[in-house]
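These values consider heavy atoms only, across backbone and side chains, with no hydrogens, waters or symmetry-generated copies.
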Amino acid sequence: MPFQDIIWAIAMTGMGLVALVFVYVIVNAGKAVDPAAGSRTQARIASLRKGLFGLLLLIFVGASWATLHRFPIPRQDTSLQASQVVDVLGRQWSWQMSMQGQQSGSTLQLASGSPVEFRVTSADVNHGFAIYDPDGRIVIQTQAMPDYTNKILYTFTKPGTYKVMCLEYCGLGHAPMVTSFEVAKAAGG
Ligand SMILES: [Cu+2]
């Protein structure tokens, strides 16, 4: 069954249940209520409400933990202790990436298996710094902002040629604002 049909079936079932509740309420609206049965119902509703609140709380905490426990943004106010540090400067319309100890102007060479800290900033307007793996999948991204440095941390596992593209429209030369770098297997790693 296609995914959309499953969602459709779930939605129709849910709407059907709501409609049934409406019908039940309308049919029973005119009937006189036995006071004892009324207070029993009140008590049942109160305990149901408590249970539902507990369930929602559990779902909220569980979903928050599941989606945030590996928060992808490292602390910005301390040194990240990465063995490889790359300074990234975006400008209209090119990327300048440099690592200490490597000749500027040549293609950046990184090693896989150990964390790389990218310190990303901009010389003019906001740019979006995004790294794509050799298969064209985005692996990490952050904003390149003037007068501010955003730090991101990433450990490459796949050797190959990685592409950097701008993710925020920054003027006429935005589309070709592309560069690349190499990731090689670390010696002995
Ligand atoms: Cu751009």
Parallel, tilted or perpendicular: rings of Phe118 and Phe129 (30°, 60°):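 Because their plane-to-plane angle lies in the 30° to 60° range, the rings of Phe129 and Phe118 count as tilted.
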
Among all residues two or more places apart in sequence or in another chain, which pass the side chain to side chain donor-acceptor pair (under 3.5 Å) test with [X]?
X     : value
Asp87 : none
Gln96 : Arg91
Asp5  : none

Write down the atom of [X], the atom of [Y], and the distance for their closest heavy-atom approach.
X      : Y      : value
Thr155 : Pro115 : OG1-CA, 3.4 Å
Gln84  : Ala111 : OE1-N, 2.9 Å
Gly173 : Pro176 : O-CD, 3.2 Å
Leu108 : Val86  : CD2-CG1, 3.8 Å
Lys185 : Pro159 : CG-CG, 4.0 Å

Residue pair [X] / [Y], side-chain heavy-atom distance below 4.5 Å:
X      : Y      : result
Met145 : Ser122 : no
Trp95  : Phe181 : no
Gln109 : Met99  : no
Ile131 : Tyr154 : no
Ile6   : Ile10  : yes
Trp93  : Cys170 : yes

Rounded to the nearest 0.5 Å, how far does [atom2] of [Y] lie from [atom1] of [X]?
X      : Y      : atom1 : atom2 : result
Gln81  : Leu153 : CD    : CG    : 10.5 Å
Leu52  : Ile45  : CG    : CD1   : 12.5 Å
Ile140 : Ile152 : CD1   : CD1   : 4.0 Å
Gln92  : Asp124 : CD    : CG    : 4.0 Å

side-chain hydrogen bond (donor to acceptor under 3.5 Å, both in side chains) pairs, two or more places apart, involving residues 6-33: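 Pairs touching residues 6-33 that pass the test: Asn28-Lys31.
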
Under 3.5 Å: donor-acceptor pair, side chain of Asp135, backbone of Arg137: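 Checking the backbone N and O of Arg137 against the side chain of Asp135, no donor-acceptor pair under 3.5 Å is found.
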
N/O donor-acceptor pair under 3.5 Å between Gln76 side chain and Lys151 backbone: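 Yes, the answer is positive, given that a donor and an acceptor are paired below the 3.5 Å cut-off.
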
Single-linkage hydrophobic cluster Val139~Val88, side-chain heavy atoms < 4.5 angstrom: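 Both belong to a single hydrophobic cluster.
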
hydrophobic_cluster_shared for Val120 and Ile138, side chain cutoff 4.5 Å: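 They do not share one cluster, since no chain of ILVMFWY contacts under 4.5 Å joins Ile138 to Val120.
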
Of all pairs that satisfy ring pair (Phe, Tyr, Trp, His ring centres under 6.0 Å), the ones with a partner from residues 42-65, not counting sequence neighbours: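 Non-adjacent pairs meeting ring pair (Phe, Tyr, Trp, His ring centres under 6.0 Å): Trp65-His69.
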
Atom CG of Leu172 with >12 non-hydrogen neighbours under 6.0 angstrom: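 For Leu172, atom CG is not crowded (no more than 12 foreign heavy atoms under 6.0 Å).
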
Only distances under 3.5 Å count here; give the side-chain donor-acceptor pairs of residues 161-169 to other protein atoms, sequence neighbours excluded, each with its distance to 0.1 Å.
residue : atom : partner : partner atom : Å
Thr161  : OG1  : Glu182  : OE1          : 3.2
Thr161  : OG1  : Glu182  : OE2          : 2.9
Tyr162  : OH   : Lys158  : O            : 2.6
Glu168  : OE1  : Gln143  : NE2          : 2.8
Tyr169  : OH   : Gly171  : O            : 3.4

